[in-house]
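This report refers to the structure that appears directly beneath it.
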Amino acid sequence: MKKRRVVCAAMAAVMAMSLAACGGSDTASATTAAGEASESEETAAEGSSEGVFVIGGSGPLTGGSALYGTAVKNGAQVAVDEINANGGINGYQVKWIFEDDEADGEKAVNAYNTLKDEGMQMFVGTTTSGACMSVIAETENDNMFQITPSGTTADITKPANVYRMCFSDPAQGTKSAQYIAEHGVAQKVGVIYDNSDTYSSGIYENFAKEAQAQGLEIVGAESFNSESKTDFKTQLQKLKDAGAELVFLPFYYTEASLVLKQADEMGWAPKFFGCDGMDGILDLPEFDTSLAEGLMLLTPFAADAQDELTQNFVAAYEEAYGETPIQFAADAYDCLYVIKQAVEKANITPDMDMSEICDAMKTVMPEVTLDGLTGAGISFDENGEPNKAPKAVVIENGAYKSLE
Amino acid sequence: MKTKTFRQNAVTYGIVILFYLICQGLILSGNMSSLMKGLMVPICYYVILAVSLNLVVGISGELSLGHAGFMCIGAYASAIFAVCVDGKMPEGLELFLALIIGAAITAVFGFLIGIPVLRLRGDYLAIVTLAFGEIIKNVVNAVYLGVDENGLHFSMKDSLSLGLSEEGLTIMNGAQGISGLPRTANLTIGIVLVLITLFIVLNLMNSRQGRAIMAIRDNRIAAESIGLSVSKYKMMAFVISAALAGVAGVLYSHNLSALQATSKNFGYNQSIMILVFVVLGGIGNIRGSMIAAVILTILPEKLRFLSDYRMLIYAIVLISMMLFNSAPKAIEWRKSLAERFARKKDIPAETAGKEAR
């Protein structure tokens, strides 16, 4: 009996200890967090006395869409290195920090908060649309200047502090439908889209709306989702039976390459049309580029463009990261240069706090015009949307060729 | 006996209140980082999820892998309500009603799903609940819902086929989810909900019904032979657990301004994550699962400085914590350590006694 009580007491002691330890770790982590915060404030303060702009970004570095987050991270890093080598912004150096948000709303808010703790003054993010929708409420609340390189959902630019570098879903869907109708590319259109992805379903919806207005006939709209994105034979067969002359593919190139391959295996060769997510298909390893012959896409960026700016960027990127940059990297690169121009116009200095910076940025953003990688003469309207012309290209002999 | 459980429960409540006071103190004195401030509400809903799943896994002894599905139902039900009444009622009232609606609708779904599911046992139950969670997520992603002056419009195809008028408002937009949600959840509300959850679960455990549930878990045939209705008590645990998960979902949807059902937040990954909280904290141990939920929510954020190795290290830490908690050798080692501690304390006491003699 006594022994038992001793054991009980020992257990209780162990429990209490583990609890205390846990409680301790809680408070400890809280205090270390506080410590870190004050530290980062210090570093930020130090930074500003030395004059460093801290620009943060977030995107998925892990998980299924890690490719895009990594591209944004690296593309912006190339721009930052260039800016710093050329004397910085207004004579101040730039520090680029990036956090993983796993393309999830909740994690994106955590990533944003972490960046804030690290002293971020301007935010380039997030990479993915869904996560961006959660973060805009936070940045609006904090009045933090935000420009998303690649968040396409229409509502993202609703808050006054949020700008966008890529085309929005409505812009891409509508422009694709207009292009197809005006150039008489096809009359009967079939669509395959990813209904679990905001980017893809957003473009599809706007495409369908405009196609109706333009008098195109949508003979079939087939969907897939993120868990079944390897076999498209059913969707292709249905569209083939419906007599589609053109298949619109508003999603990313990895899946699109499979669609092209499987259509070829079926012996069906309709015209294919893609959006900016299609850029990169020619560089996909183990993809037979002859399958992509005749593929049309609207894209703001082509890695093999011959202008000096693109070639320098591609060379710097390839040297640093050993791969050809995709459009996400180009968008992020342009974001940094937009920030540079706006900061110079507004005479912003690093010692201003984020809300002051944001207010100053908002006043000068309508005056910004940038000749960037993703378009010449990029400017921003009052909603924060970019004005730039999409380039329609067709793939011929394994390379992009501009279309009218 | 009664006083012992009472004391144990009081300690559990005490921990929660102490946690609240410390955090609130840090927030008010401005000593908390933005990251930790942002994590406060998530911690609350993960604790609620862990405690409620422990009711099914620990108390009722059934392995359920669809908990995130219930969270999803609660989140969407309350989000639809929030968008519909946006600006028409005070925030506090809206959140209160959203909580009730979320819990009630999730309870109904829990009941409906419980009817077929609870006829299964063991692995089969796990498989069916796993499938259920995935179905919920995919259905939610395919639903389009809009409202205009003619009433509600519903479609499974796309938002165009809703046929909304000009002033119409799309509430649920398929995979694009629901946006423009009120962000009214805060630490205080979260902690109150955690306390209510604990109150419900702990009282249930120590009640006649709770003992019946545990009796069925321990020996189904013996419990049946003395006249306990197996399906009734199992259903009770399942529905209460579902309703509490729904409450966590409401808190989730009122913490973010946009709601989307992805495999990250409402898929099986999340269900497994909640199960990890329960297993790590100890199956049937409410306090343990609470603490595990807090630690495992903070840990991946605190490991951010490791950048690329973050998830790797997180997994290693998780495995070592599991081993430390439940491997027989680790338990032995902990015991011997505790005994050595006890002996060291005893020796000076004895010598002191001798001297006095």
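Bear in mind the structure is a predicted one, so any value in this text is a computation, not a measurement. Chain A is the first sequence line, chain B the second, and so forth, proteins listed ahead of strands; every chain is numbered from 1.
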Give, for atom [atom1] of [X] and atom [atom2] of [Y], the distance between the pair rounded to the nearest 0.5 Å.
| X | Y | atom1 | atom2 | result |
| --- | --- | --- | --- | --- |
| A:Asp104 | B:Gln270 | CG | CD | 8.5 Å |
| B:Met36 | A:Thr114 | CE | OG1 | 10.5 Å |
| A:Asn225 | B:Asn138 | CG | CG | 5.5 Å |

Original post:
Could you go step by step and tell me if B:Gln176 and A:Met133 meet the side chain to side chain contact (heavy atoms under 4.5 Å, CB included) rule?
Top reply: CA-CA 10 Å; B:Gln176 297 179 54; A:Met133 289 300 290; over 6 Å; no
Subject >> With A:Glu106 via side-chain hydrogen bond (donor to acceptor under 3.5 Å, both in side chains) - residues at least two apart >> reply: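 Once residues adjacent in sequence are excluded, the partners of A:Glu106 under the side-chain hydrogen bond (donor to acceptor under 3.5 Å, both in side chains) criterion are B:Tyr45, B:Tyr46.
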Subject >> Residues in side-chain hydrogen bond (donor to acceptor under 3.5 Å, both in side chains) contact with B:Lys137, at least two apart in sequence or another chain >> reply: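 A:Glu227, B:Glu134.
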Original post:
Where does B:Tyr144 contact chain A at under 4.5 Å (heavy atoms): side chain, backbone, both or neither?
Top reply: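 The answer is the side chain of B:Tyr144.
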**OP:** State whether the number of non-hydrogen atoms from other residues, nucleotides or ligands found under 6.0 Å of B:Glu91 atom CD is greater than 12.
**Re:**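 Open.
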Subject >> Neighbour count above 12 (heavy atom, 6.0 Å) for B:Tyr268 OH >> reply: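 Atom OH in B:Tyr268 is not crowded, with 12 or fewer foreign heavy atoms closer than 6.0 Å.
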Side chains of [X] and [Y], heavy atoms from C-beta outward: is any pair under 4.5 Å?
| X | Y | answer |
| --- | --- | --- |
| B:Asn141 | A:Asn195 | no |
| A:Lys116 | B:Leu35 | no |
| A:Glu102 | B:Met311 | yes |

Subject >> Worked check of side chain to side chain contact (heavy atoms under 4.5 Å, CB included) between B:Gln260 and A:Thr198 >> reply: CA-CA 9 Å; B:Gln260 287 159 338; A:Thr198 46; 3.1 Å; yes
Subject >> Nearest heavy atoms of A:Asn113 and B:Gly38, plus distance in Å >> reply: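 Closest heavy-atom pair between A:Asn113 and B:Gly38: ND2-CA, 3.6 Å.
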Subject >> Where A:Asp197 and B:Ala175 come nearest, the two heavy atoms and their spacing >> reply: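 So the two residues come closest at N-CB, 3.8 Å.
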Original post:
If you count heavy-atom pairs under 4.5 Å between each of A:Lys209, A:Lys158, A:Lys107 and chain B, which one has the most?
Top reply: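 Among the listed options, the one with the most contacts to chain B is A:Lys209.
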Subject >> Donor-acceptor under 3.5 Å (B:Arg183 side chain, A:Glu138 main chain) >> reply: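 No, because the side chain of B:Arg183 does not come within donor-acceptor range (under 3.5 Å) of the backbone of A:Glu138.
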**OP:** Could you tell me whether a side-chain N or O of A:Asp117 sits under 3.5 Å from a main-chain N or O of B:Ser34, the two making a donor and an acceptor?
**Re:**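 Yes; judged by distance alone, with no hydrogens or angles, the pair exists.
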